[in-house]
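Data first, discussion second: the structure below is written as structure tokens.
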Amino acid sequence: MEKTMWLIYLPVLLPVLGLVLMIRASKKYILMERVFSITSAVLVFIINVGVIYWVSKGYTVSVPPLKVNNFLQIHFQVDRLGALFAFLASLMWIFVTVYSFGYMRGHAKQLRYFAFFTVCLGITMGIAYSANLFTLYIFYELLTVATYPLVVHKEDKKALDAGKKYLIYSFSGAALILIGMILVYALTGTLDFVPGGGTAFRGALPMGVPVAAYFVLFFVGFGVKSALVPLHSWLPAAMVAPTPVSALLHAVAVVKAGVFSMTRAVYYVFGPEAIKGFNAYFVYIVAFSILFGSVLAIGQTNLKRRLAYSTISQLGYVLLGVLLVNSRGYTGGVLHIVNHGLIKIVLFLCAGAIITRTGKTEINQLKGIGKQMPVTMGIFALASVCLVGIPPTNGFVSKWYLSLGSLDAGQPLLVAVLLLSALLTAAYLFPIVGIAFFTKGDREIQGVEEAPRSMLYPLVALAFLMLASGAFADRIIDFLAGGLEEAF
Amino acid sequence: METVRNFPVLIIYIFFIGSFIQPLVRNVRISLLLTVAISAVSSAASAAVVYYVRTNGDFLFDVAPWSAPWGIELSIGTLEAFVIAVICSVGTLISIYGIGMVEKEIPARNIKIYNALFLALLGSMTGIAATGDIFNMYVFIEITSITACGIISVKDDKKSIEATVKYLVYSSLASGCILLAIALLYGITGNLNIRYIHHHLTEVMYLYPRNVLLASCLIIVGFGLKAAMFPLHFWLPDAHSSAPTTSSAVLSALVLKAYSVGLIKILTGVFGIVVMSLLPLKTILMYLGSGAVLIGSLLAMTQSRIKRMLAYSSVVQMGYIFLALSLFNRTGFTGALFQILNHALTKTLLFLSAGNIKYYTGKESIEQLKGIGYRMPVTMAVFSVGALSMVGLPMTSGFNSKWYIGYGAIEAGKIGVLIVIVISSLLNAAYYLPVVVSAFFRRPSPGDEIQQPVNLPWFTSVPMIVMAVLIIVLGLYPDPVINFISGAAKIF
Amino acid sequence: MSSVVHLANNYIYIASFTLFLIGFSILLLNSNLIKKIIGMNIMDTSVFLLFISQGYIKGRKAPILEGGGSVNPAEYVNPVPSALILTGIVVAVSVTAFLLALTVKLYNLYGTVDMDEIIEIRRSVDGNS
């Protein structure tokens, strides 16, 4: 059932309006950037609540397409997958924005920071709401452009180099997607997302080109933003960004946009029928990514970089679920988008609190900090447990579904991979907790206070959400289930 | 409504009359305003012509009481109306910018001459587009060559004069080739009117195949050199980078286009699709176009000065046009025409911004542009829009050009062209984005900081902002333009 | 044998093309500016030669009406090419004039009319090309 709601243009456009007002108002009043950024985030979230309400009732919320030229249209249509992503993103955005108030205090160029921070929200909404490949591509490219100023915020050499790497990887990936897009259009005559994929891909293709060849373009193109190994190296490099940006990049916007787009490609462009024939190869590439990320994470001494490699590994879980092409795998994968998002954001915000209070970035410098920042580190420990996947946390639920999905697909080896990865996750997260609580701190650490309130409150709230997503996992699964039949 | 049929001729007339009046004008101010006024009037007239062609279709217009083939006639179709409109409107925008900036780069004693040459240039380019007679086209081509060289040398310094000599020498070579081709065609068909030659050529072609072959080769070489088709582009970087800003803009944005339109007119009008298919045109244009795109991009990356980089970028963008033409299908041709508009707007915008930067900060090299975004926010903002359009970011007109050419490539079964285009977008990013990044994200060198943002006078900023807005509007809503110009692709 | 006859019949084409190639190569290859201009003129003149010669029809008079001469077009040579070439000559003259003016300027600036020398001077003076 379709429901036309012109309101859904707002989450995309409001942040832009916020940006404009922010810039103009900053000339006269101070702190305007904060006012407008939090207002935009809250308004966007409220609208998304409305959207997800209607979607959960079974409607598809959409607006009529805007014709760009004879081939291309900009079209927004929110289905369950999109609504979930948008809801999650807008919710987390509010908290990270508030957290940014505290983190960015005293930093330079705040207007620029909050300006692009806010615009990225709108662009992410655009990605979530996209109804066809072209719209997705537009916002995907715009996301790269809009996140760049955030990555290079510090403007020192490391930041600029990281930014350059980020652009090169992202634009190259986008170029592949463009080629794929034109080919798909030439083949099927449409770029729309169709649940279950285009019929053209189910049969034989002209010139005997296997469907896999076309899919590879999307796999690699979206794989860049999904930090798929070996296209991942931009992500650890991007850790030079301010921590809220890293949290954003790792939990909400960029990487999740990558896996979200991959999901769209698999289920709504090519379709499970077509992918089933060759998904085994891709699944094993993803499995490699899972293990590779975890192994490298263990070797990292920088806290944020360790979390970055962790993300590379965890995104592999999502892609694994998506590429298994069965309902339990899909559930596990999409669920993990939510779960990992919450967990990783919590982990990063803790890291940010530590950096703000102590200035320390290396893990071995954090001895005994648990005593000084008990709430922060306590939450960190909690999040670590969730990520490893110990029942009854949210991490466990998604990994359970992923394992079931692997068995459904007749790939028991993948269950072993998942278990091994869980062990590795413990290996790179628990030592941090250990160092924090069970070793004696040095003098520097002993003078430190708990995180400032503007950072602590969002952190605690997100921690509650993280726990809630474990407790209420069945609600989310039911929500997704509604969209499952059409996808398969 | 029928009076609109007179407009193309009138446009040419008022450009030339304006040009001849210039030496009589009292002072520099009035001279510049006169240029703007005449260009603006021509733009309005060209808009009327576009509207007329859209509703009534192509038309022929006899300039003198003798009709073809004894008299000269203008043949105005979709392609011609479109190009004339582009020439007049972009010319107007450039001349508005010129009100502020011409005096800064050109010695005062030369400004009236500059304006005279500028108007004559616009008039002769309109003539190339409008005419239906090849000798008439030759005359206009020569006027274009001379005036185009004139607006470079008017700067009167060592670099520009030397560049002008080079440009004029090669241009004359090309003109000689074109004239020889015209002589050959006249020899076998006895006509100079495009339609008539085409008619006779189909009969005579098999009697004199060598003449036709030679004539077509000379045409391609001649126009190719003037339109900077790789590998005959080598004169361009010097010529376009040592010229005054407004001249660089006109040269890159309009002059190259006028010559390529002349090439299209002769190839499709005189030779027609039959002869074109017999020649290995598709292959030649495709390889030369790809060469232009790839090698031009590589050369652009090595440049340290903005204007030279922009000049090499023009070679790349013209390469797109030739690639699109090599596809021989409607979508590709539409893409080529849209690219004419897109590049005209974007390159003008980029050159005008570079001119601003040079004037207000004295900086020419990309390295020196660190942190300049805060000192010249408007200029760098529009430069960024132009740069993103060159890279082909969706929502800019550059993306639409690439889409149409890429899609046309798939339709023609030439996936290699699509890959070349996508690779070139990445290469474009490699030399355009560093400028934007430097401007906004790097700290200024010591001794450079400070400063209040520069306040640009309205006649400098308004044209640039208008063009930036147009780039985005055409990126989101190119439909009216596309629908109009796809009518020109009838022969495919 | 027939090819020689063929060539002999088309002597105008041969002369014209030869002159064109001579002029073209002078314009392109010679480094002296004055000679380049001369080359350009030779090239253009060769095309004019070709053009005008195509107007000639054997056995007819020049297209000038004398007193009460007949106006039968069949008695006269084709006047169109000559008229066109007048335009062409004007164009060639304009370009020549422009090029000569630029040459004078370059001579004043550099002291030589040889392009190679000028490029050398420029390269040594400001170290960029």
Side-chain angles (χ1 to χ4, degrees), chain A residues 23 66-74 108-109 112 116 126 133-142 144-146 148-157 159-161 163-164 167-187 206-207 209 213 217 221, chain B residues 330-331 334-335 338 370-371 373-374 377 384 387-388 391-397 399-400 402-413 415 417-430 433-434 436-438 440-444 474-483 486:
Chain A
I23 296 182
L66 296 171
K67 190 169 165 208
V68 171
N69 61 35
N70 280 331
F71 309 99
L72 305 170
Q73 306 168 320
I74 298 181
K109 296 233 178 351
R112 186 174 78 190
F116 282 103
L133 259 180
F134 177 63
T135 317
L136 185 69
Y137 176 75
I138 295 180
F139 286 101
Y140 205 78
E141 287 262 58
L142 285 176
T144 306
V145 171
Y148 176 81
L150 294 173
V151 171
V152 297
H153 190 253
K154 288 211 188 90
E155 288 181 355
D156 59 13
K157 183 157 194 327
L160 287 171
D161 283 343
K164 191 157 132 186
L167 281 184
I168 294 178
Y169 272 87
S170 296
F171 279 139
S172 305
L176 287 173
I177 299 172
L178 179 62
I179 297 181
M181 196 164 78
I182 295 186
L183 287 173
V184 164
Y185 186 82
L187 215 63
M207 298 193 284
V209 179
L217 290 168
Chain B
R330 282 201 164 201
T331 322
T334 311
F338 194 82
K370 295 190 266 229
Y374 299 99
S384 309
L388 290 175
V391 170
L393 199 74
M395 301 233 266
T396 61
S397 52
F399 175 77
N400 282 323
K402 296 197 175 152
W403 172 273
Y404 272 94
I405 302 178
Y407 192 73
I410 298 290
E411 273 183 358
I415 189 168
V417 171
L418 172 60
I419 295 182
V420 165
I421 292 181
V422 173
I423 293 181
S424 85
S425 302
L426 294 176
L427 292 174
N428 282 346
L433 292 185
V436 177
V437 168
S438 246
F440 285 111
F441 298 109
R442 291 179 68 179
R443 305 225 181 84
L474 283 173
L476 288 173
Y477 195 53
D479 237 10
V481 175
I482 299 278
N483 283 334
S486 48

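The analysis underlying the following values was restricted to heavy atoms, covering all of them including side chains, and did not include hydrogens, waters or symmetry mates. The chains referred to below are lettered A, B, ... by the order of the sequence lines, with proteins before strands, and numbering in each begins at 1.
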Review point. Got a sec, which residues hit salt bridge (charged side-chain N to carboxylate O under 4.0 Å, His left out) with Asp479(B), two or more places apart in sequence or on another chain?
Key: Lys67(A)
**Study point:** Pairwise side-chain contact, Lys109(A) with Phe441(B), heavy-atom cut-off 4.5 Å (strictly under)
**Key:** no
Check your understanding: Where does Ile138(A) contact chain B at under 4.5 Å (heavy atoms): side chain, backbone, both or neither?
Key -> both
Point to revise | Contact winner vs chain A - Ser486(B), Pro394(B), Pro478(B), Gly392(B), heavy-atom pairs under 4.5 Å | key: Pro394(B)
Exercise for review: Select all residues of residues 177-185 of chain A having any heavy atom within less than 4.5 Å of some heavy atom of chain B, and report them by number, or 'none'.
Suggested key: Leu178(A), Ile179(A), Met181(A), Ile182(A), Leu183(A), Tyr185(A)
Practice item. Dump the intermediate steps for side chain to side chain contact (heavy atoms under 4.5 Å, CB included) on Tyr137(A) and Phe399(B), then the final yes or no. Key: CA-CA 12 Å; Tyr137(A) 176 75; Phe399(B) 175 77; 3.6 Å; yes
Scan the side chains in residues 421-430 of chain B for donor-acceptor partners under 3.5 Å anywhere in the protein, sequence neighbours excluded, and list what turns up.
| from | atom 1 | to | atom 2 | distance (Å) |
| --- | --- | --- | --- | --- |
| Ser424(B) | OG | Tyr320(B) | OH | 2.3 |
| Ser424(B) | OG | Ile421(B) | O | 2.8 |
| Ser425(B) | OG | Lys402(B) | NZ | 3.2 |
| Ser425(B) | OG | Ile421(B) | O | 3.2 |
| Asn428(B) | OD1 | Tyr431(B) | OH | 2.6 |
| Asn428(B) | ND2 | Tyr320(B) | OH | 3.4 |
| Asn428(B) | ND2 | Met390(B) | O | 3.0 |

Check your understanding: Of the listed residues (Gly163(A), Ala159(A), Ala174(A), Pro149(A)), which shares the most heavy-atom pairs with chain B below a 4.5 Å separation?
Key -> Pro149(A)
Check your understanding: Measuring heavy-atom distances to chain B, does Lys154(A) have an atom under 4.5 Å in its side chain, in its backbone, in both, or in neither?
Key -> backbone
**Study point:** Interchain contact, Ser384(B) with chain A, by part (heavy-atom threshold 4.5 Å)
**Key:** neither
Review point. Does the pair Ile74(A) and Leu476(B) meet the rule for a side chain to side chain contact (heavy atoms under 4.5 Å, CB included), with working shown?
Key: CA-CA 9 Å; Ile74(A) 298 181; Leu476(B) 288 173; 4.1 Å; yes
Review point. Is chain B contacted by the side chain of Phe139(A), its backbone, both, or neither, given a heavy-atom distance below 4.5 Å?
Key: neither
Check your understanding: Under a 4.5 Å heavy-atom cut-off, does chain B meet the side chain of Ile168(A), its backbone, both or neither?
Key -> neither
**Study point:** Contact leader toward chain A among Ile482(B), Leu433(B), Leu393(B), where contacts are heavy-atom pairs under 4.5 Å
**Key:** Leu393(B)
Study note, to complete from the structure: Okay, Leu66(A) and chain B: the region with an atom under 4.5 Å from a heavy atom over there is neither
Exercise for review: Please look at Phe440(B) and chain A and tell me whether the side chain, the backbone, both or neither of the residue comes under 4.5 angstrom of a heavy atom of that chain.
Suggested key: backbone
Review point. With sequence neighbours excluded, what pairs up with Phe171(A) under the ring-ring contact (aromatic ring centres under 6.0 Å, His included) test?
Key: none
